There are 2 protein chains.
Amino acid sequence: MTELEHYLQSYFDFDQSDLTTVASFFKPEFVKKGDYYLKTGKSCNKLSFIQTGILRVYVNLEDREVTQWISSKGYFITDLSSLIFSKPSRWNIQALADTTLYTIDKADYDRIGDFIPKWHETEKLFIAHCFVTLEERVFSFLSMTAEQRYNVLFENSREIFNQVPLQYIASMLGMTPETISRIRRKQLI
Amino acid sequence: MTELEHYLQSYFDFDQSDLTTVASFFKPEFVKKGDYYLKTGKSCNKLSFIQTGILRVYVNLEDREVTQWISSKGYFITDLSSLIFSKPSRWNIQALADTTLYTIDKADYDRIGDFIPKWHETEKLFIAHCFVTLEERVFSFLSMTAEQRYNVLFENSREIFNQVPLQYIASMLGMTPETISRIRRKQLI
DNA sequence: CTGATTTCTTGATATAGGTCAAGTGGCCTT
DNA sequence: AAGGCCACTTGACCTATATCAAGAAATCAG
């Protein structure tokens with residue numbers, strides 16, 4: 001089993017034959033550190049799986065950037081509203097390190113259900129899982145302090161803390177880099 | 001076309017025959033003001049469509065309640081993680097007014113795809129749409145002040161402001177009722 | 001290795017929004 | 001219509017977090 005198939009298996013309940021078929025639609029793609037996987041306003045006509053590297057999803061506002069999410073090895077990446085509903089992308093997606101991806105283009109994405117009968121149901125479950133995760137994230141803003149949100153992210157995503165400038169992590173948590181610095185210092189004592 | 005079919009049509013791309021089939025799975029349900037549609041920890045074995053009334057989705061914390069969402073006429077309601085992944089419900093869902101629903105139980109929900117070939121794909125699109133809406137909501141916490149979040153909700157959901165105690169709306173926006181009061185006064189001047 | 005950038009930390013100060021407490025007003029219930 | 005809730009508003013004060021500015025540390029380019 002290839003590495004991609006191995007990862008697909010961890011997300012989706014497919015047999016070996018379906019795994020092979022699904023994996024065959026994905027092609028290698030490389031994004032150099034600092035380059036863009038996607039830019040705001042463009043059509044996001046692809047869905048990718050991150051093999052190595054790290055991507056930052058963010059929006060340019062008038063006076064600052066807001067980081068919506070940071071995605072690393074083992075995660076999928078796309079702008080769902082653009083891919084599925086053919087809207088212009090809301091996000092910029094930039095590589096924070098050299099990044100290797102497996103990418104399926106929209107044409108193949110749209111016909112994968114013709115080859116794998118369970119595809120739509122399986123994808124539905126996957127998106128539902130993403131939805132539930134986002135519900136938890138909304139809840140964290142309603143119910144937690146900055147320090148609690150920081151701790152939860154740190155416990156669940158230690159890997160990004162070594163690789164990503166603090167300012168981006170702070171933005172994604174809805175706080176400033178100074179606040180993270182102070183939380184860290186407080187927790188040393 | 002029944003009222004339910006009419007609403008289903010507004011969300012889903014089904015022909016009349018499919019609409020009739022889907023609608024036939026939903027049965028009327030009534031929840032009296034103050035009563036619960038769902039309680040934390042129980043299994044949510046149903047999905048409902050709100051015909052009239054209003055429901056509050058919330059969590060009991062040690063020292064307070066946090067309102068995650070308020071759902072009214074024309075919206076679907078369930079705890080997705082419980083319905084789809086058979087987890088215990090995270091939310092309490094309580095009627096803030098007498099509420100009439102059309103409800104499909106989990107047994108029927110699980111077999112609806114056997115009758116409507118496009119069901120899984122259609123439901124996938126619907127859940128994807130919900131996901132995109134939640135992404136926007138997360139973004140509002142990352143990028144907006146309390147006043148901006150209040151204004152956006154007010155523009156988009158005027159109907160709930162007449163019917164729902166301010167404290168619940170405030171909680172769902174991640175602020176206190178006093179803050180909403182002050183925002184309102186400021187905007188009068 | 002060195003200078004230039006970028007990132008991180010720290011301190012001083014500012015502010016959005018929270019907390020607490022009192023008062024007002026609406027609207028059920030009897 | 002009187003009493004009793006609730007919900008809402010307002011004021012005084014407080015606190016978590018932001019902002020601004022400077023310096024320290026890390027990283028990068030040559």
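Excluded from the calculations below are hydrogen atoms, water molecules and symmetry mates; all remaining heavy atoms, backbone and side chain alike, are included. Every chain is numbered from 1, with letters handed out A, B, ... down the list of sequences. Note that this is a predicted model, so its numbers are computed, not measured.
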Heavy-atom nearest nucleotide on DNA chain D for I183(A) versus E178(B): which residue maps closer to 5'?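 Per heavy-atom nearest nucleotide, the more 5' residue is E178(B).
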
Rounded to whole Å, please give me the gap between [atom1] in [X] and [atom2] in [N].
X	N	atom1	atom2	value
L96(A)	dT6(C)	CG	P	15 Å
E65(B)	dA7(D)	CD	C1'	15 Å
D63(A)	dT19(D)	CG	C1'	13 Å
L173(B)	dG18(C)	CG	P	11 Å
I180(B)	dT10(D)	CD1	P	14 Å

Check the phosphate of [N] against [X], side-chain N and O only, distance under 4.0 Å to OP1 or OP2. Yes or no?
X	N	answer
K33(A)	dC28(D)	yes
T176(B)	dG18(C)	yes
R185(B)	dG11(D)	yes

Does anything in residues 134-172 of chain B reach DNA chain D, meaning a heavy atom under 4.0 Å, and if so which residues?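 Result for residues 134-172 of chain B: P165(B), L166(B), Q167(B), sorted by number.
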
Keeping to residues at least two apart or across chains, list the ring pair (Phe, Tyr, Trp, His ring centres under 6.0 Å) pairs with something in residues 20-40 of chain A.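 Residue pairs passing ring pair (Phe, Tyr, Trp, His ring centres under 6.0 Å), neighbours aside: F25(A)-F115(A).
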
Is it the case that R56(A) places NZ or CZ above or below the six-membered ring of Y58(A), under 6.0 angstrom from the centre and within 45 degrees of the axis?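 Yes - R56(A) lies over the ring of Y58(A), closer than 6.0 Å to its centre and within 45° of its axis.
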
Answer with yes or no whether R182(B) presents, from its side chain, a donor or acceptor under 3.5 Å of a partner atom in the base of dT19(C).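 By the distance-only test, yes, there is a pair.
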
What I'd like to find out is whether the side chain of I93(B) reaches to under 4.5 Å of the side chain of I77(B), using heavy atoms alone.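 Yes - at least one pair of side-chain heavy atoms lies under 4.5 Å apart.
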
Relative to the ring of F76(A), is the ring of F49(A) parallel (under 30°), tilted (30 to 60°) or perpendicular (over 60°)?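 Geometry flag for F76(A) against F49(A): perpendicular rings.
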
Students often mix this up, so state it plainly: with edges at 30° and 60°, are the rings of F12(B) and F14(B) parallel, tilted or perpendicular?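 F12(B) vs F14(B) ring planes: tilted.
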
Selection from dC28(D), dG18(C), dG11(C) that lies nearest to any side-chain heavy atom of M175(B):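 Nearest listed nucleotide: dG18(C).
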
Of the options dA18(D), dG17(C), dC8(D), whose atoms approach the side-chain atoms of T179(A) most closely?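 The nucleotide sitting nearest to the side chain is dA18(D).
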
Taking E147(B) first and then K186(B), would you say they form a salt bridge - that is, a charged N and a carboxylate O separated by under 4.0 Å?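 K186(B) and E147(B): salt-bridged.
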
Would you mind checking if D105(A) and K27(A) are paired as a salt bridge, meaning a charged N to carboxylate O distance below 4.0 Å?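 Between D105(A) and K27(A) there is no salt bridge, as every charged N stays at least 4.0 Å from the carboxylate O atoms.
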
Mind checking if S181(A) touches a base, just sugar-phosphate, or nothing, with heavy atoms under 4.0 Å?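 Counting heavy atoms under 4.0 Å across all strands, the contact made by S181(A) includes a base.
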
